[in-house]
Amino acid sequence: MLAVSKTFGVQAVRTAWAAGQRAFGESYVQEALDKMSLLEDLSIEWHYIGPLQSNKSRVVAERFDWVHSISSLKTAQRLSLQRPADRAPLSVCLQVNVDAEASKAGVAESELMALALAVAALPRLRLRGLMCIPAPATGIEAQRAAFAKLRAMQQRLIAEGLALDTLSMGMSDDLEAAILEGSTWVRVGTAIFGVRPGAPIDLALA
Ligand SMILES: *Cc1c(COP(=O)(O)O)cnc(C)c1O
């Protein structure tokens, strides 16, 4: 389980850590960096799950262990170039626009194979698998359909020879469906920490 701590303060992270949680997900770069420096005494695996702007990619490459939200070769190439030599290759997932929604982030299914093969060849990244944020659906069967699609795409990539071990899918409202379809990371915020404040927090002021 990935505990999504975006917009929550360091005390919330410390409480979850004390309960045994070690992997935390963040969506806002500055908030995450502030949190990391205030939590240096804990050993935490940090996952970046938000949209990635090119001017922020260097710190993401330097400070995070995983990035779940890659949807372009350009971003992947940049992260690979910027990943420090003294760190393990950055674990990454490709975000797939699984419902082909017009305004949604993620690579289209038709472009996934080419992107996956290109990203897998980058020296400082380790392509682990796929991630999705499906359109909201009611009922576990409807929720499972999108996750089953992502799993099938993953199987096709594995059949092409890619060594993938990760399906990042499922959030507070659909994590049971995602687990039934083979999720390896459910990304859970609200169900752990409660309802989020609307905007990223400024830890410098907190
Ligand atoms: C915020 C967020 C989550 C967590 O969502 P909840 O519904 O609060 O569990 C998961 N994944 C991504 C990409 C997010 O941005």
Side-chain angles (χ1 to χ4, degrees), residues 1-13 15-17 19 21-36 44-53 56-57 60 63-72 75-76 79 90-101 103-108 112 127-140 142-144 146-147 149-151 153-154 166-203:
M1 182 173 69
L2 182 64
V4 177
S5 46
K6 65 180 182 208
T7 78
F8 287 97
V10 292
Q11 207 45 55
V13 174
T15 302
W17 199 91
Q21 181 66 30
R22 294 292 178 269
F24 291 85
E26 292 284 336
S27 297
Y28 308 107
V29 173
Q30 190 54 52
E31 181 194 315
L33 296 177
D34 292 347
K35 227 173 267 184
M36 286 172 184
I44 287 178
E45 185 177 274
W46 290 105
H47 293 234
Y48 190 74
I49 62 173
L52 196 48
Q53 294 163 356
K56 301 266 176 72
S57 69
V60 170
R63 304 292 302 275
F64 282 83
D65 301 293
W66 283 70
V67 175
H68 290 230
S69 46
I70 288 180
S71 57
S72 81
T75 304
L79 288 170
L90 181 65
S91 283
V92 300
C93 297
L94 303 180
Q95 182 173 353
V96 180
N97 185 353
V98 76
D99 296 309
E101 294 173 275
S103 60
K104 198 67 162 276
V107 60
L112 176 61
L127 179 60
R128 303 294 295 264
L130 304 180
M131 179 272 231
C132 71
I133 308 173
T138 309
I140 200 157
Q143 291 174 345
R144 285 183 72 163
F147 297 135
K149 257 196 275 179
L150 196 73
R151 181 161 52 83
M153 292 179 207
Q154 170 108 316
T166 298
L167 283 170
S168 169
M169 55 189 199
M171 319 200 321
S172 295
D173 287 339
D174 54 13
L175 64 92
E176 291 89 352
I179 289 166
L180 288 168
E181 293 298 340
S183 176
T184 63
W185 281 117
V186 284
R187 307 178 311 269
V188 185
T190 311
I192 297 173
F193 298 110
V195 175
R196 271 185 295 280
I201 53 166
D202 186 343
L203 289 151

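Note that the coordinates shown come from a computational prediction; the quantities given were computed from them, not determined experimentally. Whatever order the structure lists them in is the order used to number ligands and atoms, beginning at 1.
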Which residue and heavy atom of the protein sit nearest [atom], plus the separation:
atom                    : answer
atom 9 (O) of ligand 1  : S172 OG, 2.5 Å
atom 14 (C) of ligand 1 : K6 NZ, 3.0 Å
atom 12 (C) of ligand 1 : I49 CD1, 3.5 Å
atom 8 (O) of ligand 1  : T190 OG1, 2.5 Å
atom 10 (C) of ligand 1 : M171 SD, 3.2 Å

Measuring only between side-chain heavy atoms, which start at C-beta, is F24 closer than 4.5 Å to V13? yes
Are any non-hydrogen side-chain atoms of I49 and V67 less than 4.5 angstrom apart? no
Within ligand 1, which atoms have a heavy atom of [X] less than 4.0 Å away?
X    : answer
R187 : 4 (C), 9 (O), 10 (C), 11 (N), 12 (C), 13 (C)
G189 : 4 (C), 6 (P), 8 (O), 9 (O)
V188 : 9 (O)

Looking at D65, I'd like to know if its CG atom is crowded, meaning that more than 12 non-hydrogen atoms belonging to other residues, nucleotides or ligands lie closer than 6.0 Å.
yes
Any heavy atom of [X] sitting closer than 4.0 Å to ligand 1?
X    : answer
D173 : no
H68  : no
S27  : yes

Carefully, step by step, assess K6 and E31 under the rule salt bridge (charged side-chain N to carboxylate O under 4.0 Å, His left out).
CA-CA 8 Å; K6 65 180 182 208; E31 181 194 315; over 6 Å; no
When Q95, M153, H68, R151 are each screened for side-chain contact (heavy atoms from CB on, under 4.5 Å) with L130, the one that passes is M153
- Could you check which of I133, L2, V4 puts a non-hydrogen atom nearest to atom 13 (C) of ligand 1?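 When every heavy atom of I133, L2, V4 is considered, I133 comes closest to atom 13 (C) of ligand 1.
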Value for NZ (K149) from CE (M169), rounded to nearest 0.5 Å, stands at 12.5 Å
Looking at every non-hydrogen atom in both residues, tell me the closest pair between A177 and F147 and how far apart they are.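 Closest pair (atom of A177, atom of F147, distance): C-CD1, 3.9 Å.
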Q. Does the N or O separation between M131 and ligand 1 drop below 3.5 Å for any pair?
A.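 N/O-N/O distance below 3.5 Å does not exist for this pair.
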Strictly below 4.0 Å, N to O, side chains only: are E181 and R144 in salt-bridge contact? yes
Side chains of R196 and T7: do they bring a donor and an acceptor to under 3.5 Å? no
